[in-house]
Amino acid sequence: MLTAEPQAEKYSITARLFSLIGLLPRDQQLILLKQLVGDKLTEHLFKLIVEMSEDQQLILLEQMGHPQEIEAPETTLRLEGTEPSMRENPRKSCLINANYRIQGSSFRSYILDISIGGVFIETNERVPVGENIILNFTLPSLSQPFSMPGNIAWSGPQGFGVKFEGIPNPEGNAIKKYVETE
């Protein structure tokens, strides 16, 4: 039988790593990133670009010295409540390890963005919208792991969105503070 201690220790190690990496100077963070990513740097850059909004991609083009020469296509806003663009709360990009349970099965992946209302989890697995989820993760600034109930709000080819249910005040305040920090 698994005990809570190894799980808590794992989250403690993750929190310590996040804290230490956060204290490194930017040049050392880049060296560490290159070591971790290895030969797959281009793949990771492409992945980040795919996750960007069109506006963010246009800004990146300009920063790279290649402004867009044609007019940006018009976008249509869908009014369904599950549309990812219909967000009520500010979000923060991140890379946080996450363990979660859906329909009695356990999974492991990464949270790529977070808000007081929910998260985006990266995965190639399609998950059914409306399913209940128990999400376990630790914010980089804390050592205490969170266990958050939620529902799958939407699902796509690169991951799915979770809407938190009944978020307790301490966790909600910690997430809000994390999202608001630079």
Mind checking the [atom1]-[atom2] spacing from [X] to [Y]? Nearest 0.5 Å is all I need.
X    : Y    : atom1 : atom2 : result
I133 : I102 : CD1   : CD1   : 4.0 Å
I116 : E180 : CD1   : CD    : 9.0 Å
I114 : Y178 : CD1   : OH    : 7.0 Å
L139 : K92  : CG    : NZ    : 9.0 Å
I134 : S106 : CD1   : OG    : 11.0 Å
I121 : S155 : CD1   : OG    : 10.5 Å

Q: Give the C-alpha distance, both sets of side-chain angles, the deciding distance and a yes or no for ring-ring contact (aromatic ring centres under 6.0 Å, His included) between Y100 and F160.
A: CA-CA 12 Å; Y100 55 95; F160 60 91; 5.5 Å; yes
Q.
Check this for me: Y110, atom OH, are more than 12 non-hydrogen atoms of other residues, nucleotides or ligands nearer than 6.0 Å?
A.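 It does not: Y110 OH has 12 such atoms or fewer within range.
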Q) Counting only heavy atoms not in D27, do more than 12 sit closer than 6.0 Å to its CG atom? A) yes
Q | Worked verdict on R91 versus V179 for side chain to side chain contact (heavy atoms under 4.5 Å, CB included) | A | CA-CA 6 Å; R91 299 182 87 72; V179 169; 5.9 Å; no
Can you see which heavy atom on [X] is nearest to which on [Y], and at what distance?
X    : Y    : result
N132 : N151 : OD1-OD1, 2.6 Å
P128 : I152 : O-CB, 3.5 Å
L135 : A98  : CD1-CB, 3.7 Å
L142 : A15  : O-CB, 3.0 Å
Q29  : I21  : NE2-O, 2.7 Å
F164 : V119 : CZ-CG1, 3.6 Å

Q.
Checking Q158 against E122 for the side chain to side chain contact (heavy atoms under 4.5 Å, CB included) test, could you report, in this order, the C-alpha distance in whole Å, the side-chain angles of both residues, the deciding distance, and whether it holds?
A. CA-CA 6 Å; Q158 295 157 347; E122 176 187 52; 5.9 Å; no
Q) side chain to side chain contact (heavy atoms under 4.5 Å, CB included) between R108 and N97: does it pass, once the steps are laid out? A) CA-CA 8 Å; R108 182 182 172 115; N97 285 318; 3.8 Å; yes
(Q) Set out, in order, the CA-CA distance, both residues' side-chain angles and the distance that settles side chain to side chain contact (heavy atoms under 4.5 Å, CB included) for C94 and L112, then state yes or no. (A) CA-CA 5 Å; C94 59; L112 295 186; 5.9 Å; no
(Q) Is a donor from one side chain sitting under 3.5 angstrom from an acceptor on the other, for S93 and D113? (A)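 Judged by distance alone, the side chains do not pair up.
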(Q) Ring-plane angle category for F146 and F137, please: parallel below 30°, perpendicular beyond 60°, tilted otherwise. (A)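 Taking F137 first and then F146, their aromatic rings stand perpendicular (interplane angle over 60°).
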(Q) Do L24 and L36 land in one hydrophobic cluster if side-chain heavy atoms of ILVMFWY residues count as linked below 4.5 Å? (A) yes
